[in-house]
Participant: 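The structure's right below; bear with me while I get my questions together.
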Amino acid sequence: MSTQVKKLADGRFQVEAKITAAKRQAAADGTEREVPLDEMIDVALFHKVPDLTPSTDLIATQRQRLRTGTNEVTFVVNQAPAWIAVDPWILRIDRNRFDNSRRVE
């Protein structure tokens, strides 16, 4: 995941994120295979490292259609974010939820 932030003339901030997404399915024997992803998933911006629950640190959230591969997501917000997170409230099964958030650069 990568981000770019641009301050707009009206004082707001445009945040552009490139999110690489994938979905895997586990078989009964533990092997995994990649399957197509085409689902609505929350993407959120925060003032600081996101917690597991919504808080006052949330700047904005959008439900985005994420597909297998690279996805581009754009926010226009009133405050500069410090963190972006995909599925910030861990509503989906994920073997490595720690790669779902990044510091906004």
Side-chain angles (χ1 to χ4, degrees):
M1 180 171 9
S2 64
T3 56
Q4 289 185 334
V5 179
K6 179 174 133 180
K7 189 166 186 177
L8 301 175
D10 64 3
R12 295 183 303 161
F13 296 86
Q14 179 174 310
V15 181
E16 294 179 354
K18 289 189 179 185
I19 300 168
T20 303
K23 182 176 182 177
R24 291 179 181 76
Q25 235 175 22
D29 65 1
T31 59
E32 291 184 3
R33 66 182 178 97
E34 193 160 315
V35 295
L37 173 68
D38 184 3
E39 298 176 22
M40 298 299 286
I41 300 174
D42 291 319
V43 179
L45 300 174
F46 294 88
H47 289 290
K48 61 181 185 178
V49 178
D51 291 333
L52 299 180
T53 58
S55 72
T56 57
D57 296 321
L58 176 67
I59 295 173
T61 186
Q62 295 179 12
R63 200 145 180 79
Q64 295 289 321
R65 179 171 300 284
L66 297 183
R67 295 182 171 96
T68 301
T70 302
N71 299 266
E72 294 185 18
V73 175
T74 302
F75 286 83
V76 176
V77 293
N78 294 327
Q79 305 162 25
W83 285 84
I84 185 169
V86 175
D87 188 25
W89 297 285
I90 313 170
L91 301 175
R92 309 171 61 75
I93 296 171
D94 191 342
R95 289 187 187 245
N96 182 11
R97 65 183 173 92
F98 299 105
D99 66 352
N100 290 1
S101 65
R102 294 278 185 269
R103 180 176 293 284
V104 172
E105 303 293 336

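Predicted model, so just to flag it, every value in this text is computed and none were measured.
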Participant: Are Thr61 and Val43 close enough that some pair of their side-chain heavy atoms sits under 4.5 Å apart?
Facilitator: no

Participant: How far does CD1 of Ile19 sit from OG1 of Thr70, to the nearest 0.5 angstrom?
Facilitator: 10.0 Å

Participant: Can you name the residues that form a side-chain hydrogen bond (donor to acceptor under 3.5 Å, both in side chains) with Glu16, not counting sequence neighbours?
Facilitator: Gln14

Participant: Check each of Val77, Ile84, Val104 against Val5 using the side-chain contact (heavy atoms from CB on, under 4.5 Å) test, and report the only one that passes.
Facilitator: Val104

Participant: For the pair Glu39 and Arg67, find out whether any cationic side-chain nitrogen is under 4.0 Å from an anionic carboxylate oxygen.
Facilitator: no

Participant: What distance do Lys48 atom NZ and Ile59 atom CD1 have between them, rounded to the nearest 0.5 Å?
Facilitator: 12.0 Å

Participant: So, using side-chain contact (heavy atoms from CB on, under 4.5 Å) as the criterion, who are the partners of Glu105 when residues are at least two apart?
Facilitator: Arg103

Participant: Can you tell me how far the CZ atom of Phe75 sits from the CD atom of Gln64, to the nearest 0.5 Å?
Facilitator: 6.0 Å

Participant: Which heavy atom in Ala82 sits nearest to a heavy atom in His47, and how many Å separate them?
Facilitator: CB-O, 2.9 Å

Participant: Looking at Leu8, I want to see if its CG is surrounded by more than 12 non-hydrogen atoms of other residues, nucleotides or ligands under 6.0 Å.
Facilitator: yes

Participant: Once rounded to the nearest 0.5 Å, what's the spacing between atom CG of Leu37 and atom OG1 of Thr68?
Facilitator: 5.0 Å

Participant: With distance as the sole test, does Asp87 use its side chain to make a donor-acceptor pair with the main-chain N or O of Arg92 at under 3.5 Å?
Facilitator: yes

Participant: Between Arg24 and Ala22, which heavy-atom pair has the shortest distance, and what is it?
Facilitator: NH1-CB, 4.0 Å

Participant: Which residues pass the side-chain hydrogen bond (donor to acceptor under 3.5 Å, both in side chains) test with Arg65, sequence neighbours left out?
Facilitator: Asp38

Participant: Within a strict 4.5 Å, meaning less than it, do heavy atoms of the Pro88 and Phe46 side chains meet?
Facilitator: yes

Participant: CD/Glu34 to NZ/Lys23 distance, rounded to the nearest 0.5 angstrom?
Facilitator: 11.5 Å

Participant: Does anything in residues 77-86 pair up under salt bridge (charged side-chain N to carboxylate O under 4.0 Å, His left out), and if so which pairs, sequence neighbours excluded?
Facilitator: none

Participant: Roughly how far, to the nearest 0.5 Å, is NZ of Lys6 from OG1 of Thr74?
Facilitator: 10.5 Å

Participant: Could you tell me whether the side chain of Asp42 reaches within less than 4.5 Å of the side chain of Trp89, counting heavy atoms only?
Facilitator: yes

Participant: How would you list, by chain and number, every residue that makes a side-chain hydrogen bond (donor to acceptor under 3.5 Å, both in side chains) with Lys18, sequence neighbours excluded?
Facilitator: none

Participant: With sequence neighbours excluded, what pairs up with Asn71 under the side-chain hydrogen bond (donor to acceptor under 3.5 Å, both in side chains) test?
Facilitator: none

Participant: If hydrophobic clusters are built by linking Ile, Leu, Val, Met, Phe, Trp and Tyr wherever their side-chain heavy atoms come under 4.5 Å apart, do Leu58 and Met1 end up in the same one?
Facilitator: no

